[in-house]
Student: 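Can you read through this structure? Questions will come right after.
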Amino acid sequence: MSFETAYGHLAAADPVLRQLVRTVGRPDPFTWEKRGYPTSSHFAALVLHIVGQQISTAAALAIFGRISASMGGDITPAGLLGLPEGGLRACGLSRIKASYLHDLARRQADGAIDLENMGDVDDATALADLTAVRGVGLWSAEMFLLHQLKRPDIMPAGDHGIRRAIQRAWRLDAVPGIEETRHRALPWAPYRTYAAALLWTSLSALAPFGDGPGGGACRAQERAR
């Protein structure tokens, strides 16, 4: 699909989005790999999403790099399962995040989830499979579908940056709630990922879309489970 088609749909569906397109242009929603984030495997990408919850992008990449180095440069389920909790904590992870990564590695190794072949799984099923992993809330699952699987119709309504951008663009008195955000975004389907890119970019003309896990407007609002 072309950017013209996606942003043309959004401009026709909502006059505020039409004005945002005129103001900030047509941002690329799929810049995850272009910003130097690891994409060697879907598994490694989800590890980074978990590592990055509630911390800065720089801190997440530093910890991820130490984990990768401890495994010889390639993060795999077997490598994670072979690294004890103490080893993960020495890389900078909390005890609970270490347990999350071990749970993910076990699920991938046992076949309970197959991240590398999730490309043909529909969005709803993929979100359900991902959120079954300990420590993967809806925000992280949506970010994985958006950044890693490049799904075109994801609206992470729980993201504070998205809701803050809506408040500003629509000149609302308060930041909208999650359900209000989802309802507002219904007419934007099937290109809600592009709307998310537009909203994130609108927060700052200097900030590219997709500040990554824990970064700026896209800071994860995950709740520990």
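Keep in mind that this is a model prediction, so the values were computed, not measured.
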Student: Is it possible for you to check whether R164 lies under 6.0 Å from the centre of the six-membered ring of W200, through NZ or CZ, and within 45° of that ring's axis?
Tutor: no
Student: What about M155 and L172, same hydrophobic cluster or not, with Ile/Leu/Val/Met/Phe/Trp/Tyr joined at side-chain heavy-atom distances under 4.5 Å?
Tutor: yes
Student: Knowing that exactly one of L20, V16, T5, L17 qualifies, which makes a side-chain contact (heavy atoms from CB on, under 4.5 Å) with L10?
Tutor: L17
Student: If you compare all heavy atoms of L149 against all heavy atoms of H42, which two are closest, and at what distance to 0.1 Å?
Tutor: CD2-NE2, 3.5 Å
Student: Would you say that H9 contacts P190 through its side chain, given a criterion of any heavy-atom pair below 4.5 Å between the two side chains?
Tutor: yes
Student: Looking only at non-hydrogen atoms, find the nearest pair between A189 and D153 and report the distance.
Tutor: CA-OD1, 3.5 Å
Student: Do any N or O atoms from the side chain of R163 and from the backbone of A157 form a donor-acceptor pair under 3.5 angstrom?
Tutor: yes
Student: Between R182 and E179, which heavy-atom pair has the shortest distance, and what is it?
Tutor: NH1-OE2, 2.5 Å
Student: Please round to the nearest 0.5 Å and tell me the distance separating atom OG1 of T181 and atom CD1 of I162.
Tutor: 8.5 Å
Student: Kindly compute the distance separating OG1 (T125) from CG (D120), expressed to the nearest 0.5 Å.
Tutor: 12.0 Å
Student: Linking I/L/V/M/F/W/Y whenever their side-chain heavy atoms sit closer than 4.5 Å, directly or via other members, would L48 and M118 fall into one cluster?
Tutor: yes
Student: Treating R26 as the side-chain partner and E4 as the backbone partner, does any N or O pair qualify as donor plus acceptor under 3.5 Å?
Tutor: no
Student: Shortest non-hydrogen contact from S202 to V24?
Tutor: CA-CG1, 4.1 Å
Student: According to a hydrophobic-cluster definition based on side-chain heavy atoms being under 4.5 Å apart (Ile, Leu, Val, Met, Phe, Trp, Tyr only), do L199 and F3 belong together?
Tutor: yes
Student: Does F64 offer a backbone N or O that forms a donor-acceptor pair with the side chain of S68 under 3.5 Å?
Tutor: no
Student: Do the non-hydrogen side-chain atoms of L145 and Q148 ever get within less than 4.5 Å of each other?
Tutor: no
Student: Looking only at heavy atoms, what is the nearest atom pair of A141 and T131, with distance?
Tutor: CB-CG2, 3.9 Å
Student: Any idea how Y7 and Y194 line up, ring-wise: parallel (<30°), tilted (30 to 60°), or perpendicular (>60°)?
Tutor: perpendicular
Student: Q167 versus P176: any side-chain heavy-atom pair under 4.5 Å?
Tutor: yes
Student: Hey, could you give me the CG/CG distance between L83 and L101, rounded to the nearest 0.5 Å?
Tutor: 9.5 Å
Student: Taking side chain as C-beta onward, heavy atoms only, is L115 less than 4.5 Å from I113?
Tutor: yes
Student: Should V175 and I166 be counted in the same cluster of Ile, Leu, Val, Met, Phe, Trp and Tyr side chains packed under 4.5 Å apart?
Tutor: no
Student: Show your reasoning for whether side chain to side chain contact (heavy atoms under 4.5 Å, CB included) applies to L88 and L80.
Tutor: CA-CA 9 Å; L88 288 172; L80 269 179; 3.8 Å; yes
Student: Search all heavy atoms of H102 against all heavy atoms of P84 and return the closest pair with its distance.
Tutor: CE1-C, 4.0 Å
Student: With rounding to the nearest 0.5 angstrom, report the CZ to CG distance, R192 to D123.
Tutor: 9.0 Å
Student: What's the separation between atom CE in M143 and atom CG in L138, rounded to the nearest 0.5 Å?
Tutor: 9.0 Å
Student: Counting distance only, does the side-chain N/O of K97 pair as donor-acceptor with the main-chain N or O of Q53 below 3.5 Å?
Tutor: yes
Student: Going hydrophobic residue to hydrophobic residue with side-chain gaps under 4.5 angstrom, can you get from I96 over to L46?
Tutor: yes
Student: Step by step, work out the side chain to side chain contact (heavy atoms under 4.5 Å, CB included) result for R151 and E142.
Tutor: CA-CA 9 Å; R151 298 295 174 88; E142 289 170 334; over 6 Å; no
Student: Given 3.5 Å as the limit, does a donor-acceptor pair link the side chain of D159 with the main chain of G161, or not?
Tutor: yes
Student: So I67 and L93, do their side chains get closer than 4.5 Å, heavy atoms only?
Tutor: yes
Student: Passes side chain to side chain contact (heavy atoms under 4.5 Å, CB included), I55 versus I63? Steps please.
Tutor: CA-CA 11 Å; I55 62 176; I63 294 170; 4.0 Å; yes
Student: Does R18 come within less than 4.0 Å of D14, counting only side-chain N to carboxylate O?
Tutor: no
Student: Applying side chain to side chain contact (heavy atoms under 4.5 Å, CB included) to Y100 and V136, what does each step give before you reach the verdict?
Tutor: CA-CA 8 Å; Y100 291 164; V136 179; over 6 Å; no
Student: Donor-acceptor check, side chain of E116 to backbone of F43, threshold 3.5 angstrom: yes or no?
Tutor: yes
Student: Hey, what do you get for CZ (R134) to CD1 (I50), rounding to the nearest 0.5 Å?
Tutor: 10.5 Å
